[in-house]
Every structure is written in structure tokens, then in C-alpha cells.
Amino acid sequence: MFFHFVKNGDTLYKISKQYSVPLNTLIKDNNLEEPYLLLIGECLIIRDKKSKERRIENKIINGFCYQGISTNTLNEYLPTLTHTSIFAYRLNNEGHLLDFNSNRIINRIKEYDKQAMLTIANIKESGGFSTSLASSILNSNEYQNNLINDLKRELKENNYDSLCIDFEYVNEDEKNLYSSFLRKIKDALPSYPLFVALAPKNSDEQKGLLYTAHDYYQIGKVADYVILMTYEWGYTYGEPQAIAPLNQVKKVIRYAKTKIDNDKIIMGLPNYGYDWNLPYQKNTKADSVSNVEAMKIAKKYKVEIKYDKVSQTPYFNYRSEGKEHIVHFDDACSINQKINLMLDENIKGLSIWTISTYYPQLKILIDYYFDTDDEV
């Protein structure tokens, strides 16, 4: 497999001849649509006859999906995954799970003989992660027991294979309570592999409500696997920047490896970008876009795709209705860099946030690198 950055004067015909790749293959692999406009700086996947898939075994490839994911999108991704995490059960202040219908998705997962993961998060009924909701559970044995009993029922009745805990914005002074809570969950449900989502820390001293209660060492001892949420450097209300800069992701992984066994660490991989208005004004909201949508915007306005050498990610600028915009996203080249980082660091796998939008190049890359047919 090769990657080609489009330069001035390139055409699909020239590129197909240069690499001896059929035009139809080039078009399909790169999700190109008529009139097949190519942008300067656009990254194209080149799969010629000599390209041999690596098909690395015994890695976890997880995809988070929302309850409303389309069946067609799910069908596209499932052959590529080992696990699918359905996001997410919510719970009330007494630890009881709220109603959540995931039967359609679980049935589809089982048809592909893949692993279904029950995911719980401290999200309020009205939406948004809740510090007070987490605190209510962590400070009550009764409420924890309520949650454990509900989890036992849901895991069994809905034929789940594993469990993921995603508690975010936990109070710093409840750090030990959180680790103990995870131990209690693991002891009560020993037959279900426990995954824990962790904020992307790069040191013990990292400050901020998102980070301080996530004790990598203590949680790493309890969990079977940890999912590093290595994305959201660029975020909805933040300054324009790469969503998952490679240099920052590397720092998080290398810190995690000092606290947690390599075979437990799973790297987060974003499948989205953001579109910011310029000049940026603090606390203004960026629009979330899929990687496919980002390229459609770039082609609509016929702009050059630029590549940041530090973050190893693409971005572009465009002007619409008198306003300047900047879009940061991921393409085949930047995703390839992240996959190779995961492999170079010898960790357990990848977790995609999210698979709710289909990105053909992402599927091609995972199929090229990983064998996900056997149970991990």
C-alpha cells in the first residue's frame, strides 16, 4: 500500500498509470465521486497488485457506536472489528440503569460473530457528563450494589460479552473511590472483560477535572483493558487545532506504558473533525463534521489540503457567506500514521470514536493491517 499526495497537474488517469492501478480501484478506494475532482494536498490510498496485506493477529479493534447507527453503516464496519461498544447506558443517582434498547445492534453484531460491549457512562438524562452523578454512585455502597445487580441482568439477558466503564469529570478527591468502585465491579463480574475509558494524560501531575481522578496505575491493575481517549485536543468549544495530534498521542501512550501493561492499552482513534469560524473567538462553538464531510466541504470550495508536520494531520481553509473557516480532520495518511504509532509502541489495539459514520479509507486501512476474524 502506498499514499499519494495530489500535486498540481495530477489527474486520476496519470496517477493510475504511475502506479499501475485501475481507475475503478483508485476511485473506489478513495471514495471519489463524479466529477472526480482532485485537490492539491489530497491523500490517496494506492493499492497495487504488489501490496500485500499485513493481517496482524491478536489485536483488539473496537468501534464505539450510537444507538441510532444505521444498519448499513454497521454492516460495513463489523467485519473489520473485534468489539463494538454501544454508547451508552445512563444511570440514575441511585445506580439503576435507565432503559436502553440495543437489541437491533447486538443481533447484528452476533450475526458477524463479533464481541458486543455494554458501555455505561455518568451522563445525565438530559445529556452531558455529570460530576455529581458519579459522586452519588461512588459514595454509596447501596447504589453501587444496585448498579452491579442491574449490570448482571443486562449483560446476561442481552447477550453482551464485555463491559466498558466511562466515568468522566470525577472529583479529584474521589480518585481512590473510583478505583475501588472499578475493583468491586470486576470482582462481581469476573467472567466479563472490563474495559475502562481513560482521559489522555501525559503525566501524574496533569491538572483538570477530566484527568485527576483517572489514576492510570490503580485502574490499570484492575481493568482487563484501558481505552485511552486520545482525541479532543481540538474540541467543540476550544481553539482550532488537530483533533488527535500525533506528537500528543505519542506522549499519552508512552506515559500509559509506564503505568499499565502494554497488552492492556488500547489507543483511541477519532473518526471526525471540526469546522471553526475565523477569527476564533473564545467559547464559540465549532461544527462537528465527519472525515467524509470534511472532504466534501473542501471539494465544494475547491481548496488546497494542507498538512501540519508536527501533528501529522490535514486541515484546510475556506470562505463561505463572507466568513473564513478552518477545518481540522483526519485522512488516510494521518490515520495510517496513528496505526503505525500503535504498532511501534506495541500496544493492544485501537478504539474508534465513532463508527456511526462510514469512512471507507478507515476500513481499508484496518483490513490491510489487522486480522479480526478470530476471537481475541
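Atoms considered below: every heavy atom in the structure, side chains included; atoms not considered: hydrogens, waters and symmetry mates. Along the sequence shown, residues carry numbers from 1.
Phe370 has its ring centre no less than 6.0 Å from the ring centre of Tyr368. Between Phe329 and Tyr274, the distance separating the two ring centers is not shorter than 6.0 angstrom. Aromatic ring centroids of His328 and Tyr315 lie under 6.0 Å apart. Checked against a 6.0 Å centroid threshold, the rings of His325 and Phe316 do not count as neighbours.
Glu111 CD: more than 12 foreign heavy atoms inside a 6.0 Å radius. Within a 6.0 Å sphere centred on OH of Tyr358, heavy atoms belonging to other residues, nucleotides or ligands number more than 12. In Tyr36, the OH atom is crowded: over 12 heavy atoms of neighbouring residues, nucleotides or ligands sit closer than 6.0 Å. Residue Tyr280 places its OH atom among more than 12 non-hydrogen atoms of other residues, nucleotides or ligands, all under 6.0 Å distant. Within 6.0 Å of CD in Glu239 there are 12 or fewer heavy atoms belonging to other residues, nucleotides or ligands. In this structure, Asp187 places its CG atom where more than 12 heavy-atom neighbours from other residues, nucleotides or ligands lie under 6.0 Å away.
Put simply, Tyr369 and Ile253 are part of the same group of oily side chains (I, L, V, M, F, W, Y) that touch within less than 4.5 Å, one to the next. Put simply, Val226 and Leu189 are part of the same group of oily side chains (I, L, V, M, F, W, Y) that touch within less than 4.5 Å, one to the next. Taken together through direct or relayed side-chain contacts under 4.5 Å among Ile, Leu, Val, Met, Phe, Trp and Tyr, Tyr13 and Leu37 form parts of separate hydrophobic clusters. Hydrophobic clustering places Ile148 together with Phe100 (ILVMFWY residues linked when any side-chain heavy atoms are closer than 4.5 Å, directly or through intermediates). Residues Phe5 and Ile15 are members of separate hydrophobic clusters, defined by side-chain heavy-atom contacts under 4.5 angstrom among Ile, Leu, Val, Met, Phe, Trp and Tyr.
Residues Asn93 and Leu133 have side chains in contact (heavy-atom distance under 4.5 Å, counting atoms from C-beta outward). No side-chain heavy atom of Met229 sits less than 4.5 Å from a side-chain heavy atom of Trp353. Counting only heavy atoms from C-beta outward, the side chains of Asp29 and Ile364 approach each other to under 4.5 Å. Between Leu12 and Leu38 there is a side-chain heavy-atom pair separated by less than 4.5 Å. Residues Lys306 and Asn317 have side chains in contact (heavy-atom distance under 4.5 Å, counting atoms from C-beta outward).
Salt-bridge check for Asp161 with Lys110: passed, with a basic side-chain N closer than 4.0 Å to an acidic carboxylate O. With salt bridges taken as basic N to acidic carboxylate O contacts below 4.0 Å, none links Asp215 and Lys259. Using a cutoff of 4.0 Å between basic side-chain nitrogens and carboxylate oxygens, Arg90 and Glu125 are not scored as salt-bridged. Salt-bridge check for Glu293 with Lys296: failed, with every basic side-chain N at 4.0 Å or more from each acidic carboxylate O. Between Glu345 and Lys250 no salt bridge is recorded (no basic side-chain N to carboxylate O distance below 4.0 Å). Classification of Lys7 and Asp10 as a salt-bridged pair holds, one side-chain N sitting under 4.0 Å from a carboxylate O. A salt bridge between Lys348 and Asp263 is absent, with no side-chain N of the basic residue lying under 4.0 Å from a carboxylate O of the acidic one. A salt bridge does not link Lys264 with Asp261: every distance from a Lys NZ or Arg NE/NH1/NH2 to an Asp or Glu carboxylate oxygen is 4.0 Å or more. A salt bridge links Asp330 to Lys338: one of the charged nitrogens lies within less than 4.0 Å of a carboxylate oxygen.
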Open item on the list: With side chain to side chain donor-acceptor pair (under 3.5 Å) as the criterion, how do Asp308 and Ser311 come out once you've worked through the C-alpha distance, each side chain's angles and the decisive distance to 0.1 Å?
Closed with: CA-CA 6 Å; Asp308 183 79; Ser311 69; 2.9 Å; yes

- [ ] Give the intermediate values and the outcome of salt bridge (charged side-chain N to carboxylate O under 4.0 Å, His left out) for residues Lys59 and Asp371.
- [x] CA-CA 8 Å; Lys59 295 294 184 182; Asp371 182 354; over 6 Å; no

- [ ] With side chain to side chain donor-acceptor pair (under 3.5 Å) as the test, would you mind laying out the steps for Arg47 and Thr25 before giving the verdict?
- [x] CA-CA 8 Å; Arg47 289 197 292 178; Thr25 300; over 6 Å; no

TODO: Under the side chain to side chain donor-acceptor pair (under 3.5 Å) rule, what do Tyr160 and Ser102 come out as? Steps first, then yes or no, please.
DONE: CA-CA 10 Å; Tyr160 283 105; Ser102 55; 2.7 Å; yes

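Using bins of under 30°, 30° to 60° and over 60° for the plane-to-plane angle, the ring pair Phe167/Tyr178 lands in the parallel bin.
Tyr235 belongs to a hydrophobic cluster with Tyr237, counting contacts under 4.5 Å between side-chain heavy atoms of Ile, Leu, Val, Met, Phe, Trp and Tyr, direct or through other members.
Using a distance-only test at 3.5 Å, with no hydrogens or angles considered, no donor-acceptor pair links the side chain of Ser356 to the main chain of Ile69. In this structure a side-chain-to-backbone donor-acceptor pair under 3.5 Å is present from Thr82 to Ile61. Within the 3.5 Å criterion, the main-chain N or O of Glu168 finds a donor-acceptor partner in the side chain of Asn122.
Counting only N and O atoms by type, the side chains of Tyr359 and Asn31 include no donor and acceptor under 3.5 Å apart.
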